[in-house]
Amino acid sequence: MAAERNLEDLYPRAPRYEIELGDNQIVRFAHMPKGSKAMHTRILNLSESGMAFLVPYLTAPQEGEKIKVEFSGPNTEPMACFAKVVRVEIHRTYHKTRQPQTFKVVAIEFLNLHPKQRQMLASGVLSQLQKKHREYLRDQAWNRFVWFFLGMGHNLKALFSRVFPVRSHSQTDQNDDDKHNNYIDV
């Protein structure tokens, strides 16, 4: 049987950073014909090669269309560039009133991004991914610590009694008498 290869093995993707609440989530985009009205929307994820963002259902650009985008990446200055729409998907959510809402997720690939912009974007995304990785490792260490002690459950008292032996008062008094007697004997 022939070895199957994933598409990602042949064309590796740039690491994606999922935009969080504290990040700048705003992207401004406009269709290519000059004079098109610019729209503001929310970024979902970002990489050095592209991004994905949400748009209202009826205002989404078409797959293959070229658009202009302006945004700020994590730890970067604002930048503007042209992009090509590579994927458009339907995204359904619910409003707080439990009414369904339909949006489209638009995935774009940056076109002719200046090398300085690409480097700035790559370093900003990488720094955020490293920060998330450190947080993950810290959380995993804490979880292991908690699970260790929870897993011990009923043995926890036995563990502490071995590590920190507790002596009764009668044992303490007897040991103190023995120490005192050692000093008296000459």
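Computed from a predicted structure; not experimentally measured.
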Quick one: closest heavy-atom pair of [X] and [Y], and the distance?
| X | Y | result |
| --- | --- | --- |
| Ser47 | Phe110 | O-CE1, 3.6 Å |
| Thr59 | Met39 | OG1-CE, 3.2 Å |
| Lys68 | His31 | CE-O, 3.8 Å |
| Ala60 | Lys104 | CB-CD, 3.6 Å |
| Leu113 | Glu48 | CD2-O, 4.0 Å |
| Val69 | Ala83 | CG2-CB, 4.5 Å |

[X] [atom1] to [Y] [atom2] distance, which is reported to the nearest 0.5 Å:
| X | Y | atom1 | atom2 | result |
| --- | --- | --- | --- | --- |
| Thr41 | Arg28 | OG1 | CZ | 13.5 Å |
| Glu63 | Arg87 | CD | CZ | 9.0 Å |
| Glu77 | Ser72 | CD | OG | 9.0 Å |
| Phe82 | Leu111 | CZ | CG | 9.0 Å |
| His91 | Glu89 | NE2 | CD | 10.0 Å |
| Leu54 | Leu44 | CG | CG | 4.0 Å |

Is [X] linked to [Y] within one hydrophobic cluster, defined over Ile, Leu, Val, Met, Phe, Trp and Tyr using a side-chain heavy-atom separation of less than 4.5 Å?
| X | Y | value |
| --- | --- | --- |
| Phe71 | Leu129 | yes |
| Ile67 | Leu121 | yes |
| Leu46 | Leu126 | no |
| Ile43 | Val88 | yes |
| Val27 | Val105 | no |

Angle class for the Phe53/Phe29 ring planes (parallel below 30°, perpendicular above 60°, tilted otherwise)?
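Ring orientation, 0 to 90° scale: tilted.
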Just checking Gln62: does its CD atom have more than 12 heavy atoms from other residues, nucleotides or ligands closer to it than 6.0 angstrom?
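Counting neighbours around CD of Gln62, 12 or fewer heavy atoms of other residues, nucleotides or ligands fall under 6.0 Å, so no.
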Is there a side-chain contact between Tyr57 and Ile90, using heavy atoms and a 4.5 Å cut-off?
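Yes, side chains in contact.
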Is there a side-chain contact between Gln140 and Asn143, using heavy atoms and a 4.5 Å cut-off?
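A side-chain contact exists here, since the closest heavy-atom pair is under 4.5 Å.
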For Gln119, is there any backbone N or O sitting under 3.5 Å from a side-chain donor or acceptor partner on Ser123?
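A pair under 3.5 Å: yes.
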In sequence, state the C-alpha distance, the side-chain angles, and the governing distance for Gln128 and Asn75, and then conclude on side-chain contact (heavy atoms from CB on, under 4.5 Å).
CA-CA 8 Å; Gln128 290 300 101; Asn75 304 323; 3.3 Å; yes
